[in-house]
Protein chains: 2
Amino acid sequence: MVDDRHTNLDEVFHALADTTRRAMIARLASGEHTVGELARPFEMSLNAAVKHVKVLERAGLLRRRVQGRAHFCSLDARPLKEAAAFVRAYEGFWSDRLDALDSLLRQTSRPES
Amino acid sequence: MVDDRHTNLDEVFHALADTTRRAMIARLASGEHTVGELARPFEMSLNAAVKHVKVLERAGLLRRRVQGRAHFCSLDARPLKEAAAFVRAYEGFWSDRLDALDSLLRQTSRPES
DNA sequence: CCGATCGTCAACCATCCGGTTTATAATGCG
DNA sequence: CGCATTATAAACCGGATGGTTGACGATCGG
């Protein structure tokens, strides 16, 4: 079964909680890339980048197609669906009221600065 | 300025990468709760729960209204918007093709087991 | 004032994280 | 074959994380 269907949200969000890994995801959105290609843009050792790749892989966000010595990585966004479901459930919650409160506060009181 | 407007995605996603904290968020979606109320459902010390609250607060997802000795916490979902924007950008990416590939593989080749 | 309650702070601890360096395995190429 | 390339593995390190316990501060209620 290729479809993971347990989608550990902890792991998915953890994978997203790093700028390097989010950049890798963005890169993968443009198509397959080898591990080396994924690593190149970053100022870190290949080994460090490999660890990031593995974090993405563990989260189910990255799949690997080994061909010879090259490992071609591609994005699998399916785990993102559950993450998106969670975020969407609360995105926008109270925002309007808080924004209104902000404007109100900025209008009435004019504090330091 | 109440509006943070730098919304550290690292911190936001990190805050989301923990079951306890996601549960707290869900709880907060039902309205204001004190720190103690947020902590009660979990099998951990109050102090441990307080740390989770602080992680949420640092990520800008939780605001605090102190009244007497009670600290009333409320959800601020605004940082989630940027997180949602990222997730949405890649959610669904390649999914259709991968799903199609899955079915195809399961159909044509009938591998081990 | 006294005691209970709510919450914070600080110290401590084990584990994890993100990076390094070094070594090694597997493949492609001349 | 011999060597460069690609990627992994393992050991190590400093700092963050997630939990504990214990002590403290502030507030409410009697």
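Each chain gets a letter, A, B and so on, in the order its sequence line appears, and its residues count up from 1.
Using a 4.5 Å heavy-atom threshold, the side chains of B/Cys73 and B/Arg63 count as separate. Residues B/Leu61 and B/Leu80 meet the side-chain proximity criterion, which asks for heavy atoms closer than 4.5 Å.
Remark: B/Ser45 is in phosphate contact with D/dT20, judged by side-chain N or O atoms under 4.0 Å from OP1 or OP2.
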Under a 4.0 Å heavy-atom criterion, the protein footprint on nucleotides 6-11 of chain C, written with B, S and -, is SBBBBB
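Here C/dC17 presents its C1' atom at 13 Å from CE of A/Met44, a figure rounded to the nearest Å. The distance from atom NE2 of A/His52 to atom P of D/dA7 is 16 Å, rounded to the nearest whole Å. In this structure, the CG atom of A/Asp10 is 15 Å from the P atom of D/dT17, given to the nearest Å.
Salt bridge annotation for B/Glu32-B/Arg64: absent, with no cationic side-chain nitrogen under 4.0 angstrom from a carboxylate oxygen.
Between A/Ala77 and B/Tyr90 the shortest heavy-atom distance is CB-O, 2.9 Å. Nearest heavy-atom pair, B/His33 versus B/Ser30, reported as atom, atom and distance to 0.1 Å: NE2-OG, 3.1 Å. Here the closest heavy-atom approach between residue A/Ala59 and residue A/Val12 is recorded as O-CG2, 3.7 Å. Summarising the geometry of A/Ala39 relative to A/Ala49, their closest heavy-atom pair is CB-CB, 3.3 Å, with the distance given to 0.1 Å. Nearest heavy atoms, A/Phe42 versus A/Thr20: CZ-O, 3.7 Å.
Between the two ends of the helix from C/dC1-D/dG30 to C/dG30-D/dC1, each summarised by a five-pair axis, the helix axis turns through 20° (rounded to 10 degrees).
Placement of A/Leu9 and A/Val87 within a single hydrophobic cluster is found when ILVMFWY residues are connected by side-chain heavy-atom separations under 4.5 Å, directly or transitively.
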Chi angles and distances behind the salt bridge (charged side-chain N to carboxylate O under 4.0 Å, His left out) call for A/Arg88, B/Glu91: CA-CA 12 Å; A/Arg88 246 195 298 273; B/Glu91 168 195 33; 2.8 Å; yes
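Listed by residue number, there are no residues of residues 17-24 of chain B with a heavy-atom contact under 4.0 Å to DNA chain C.
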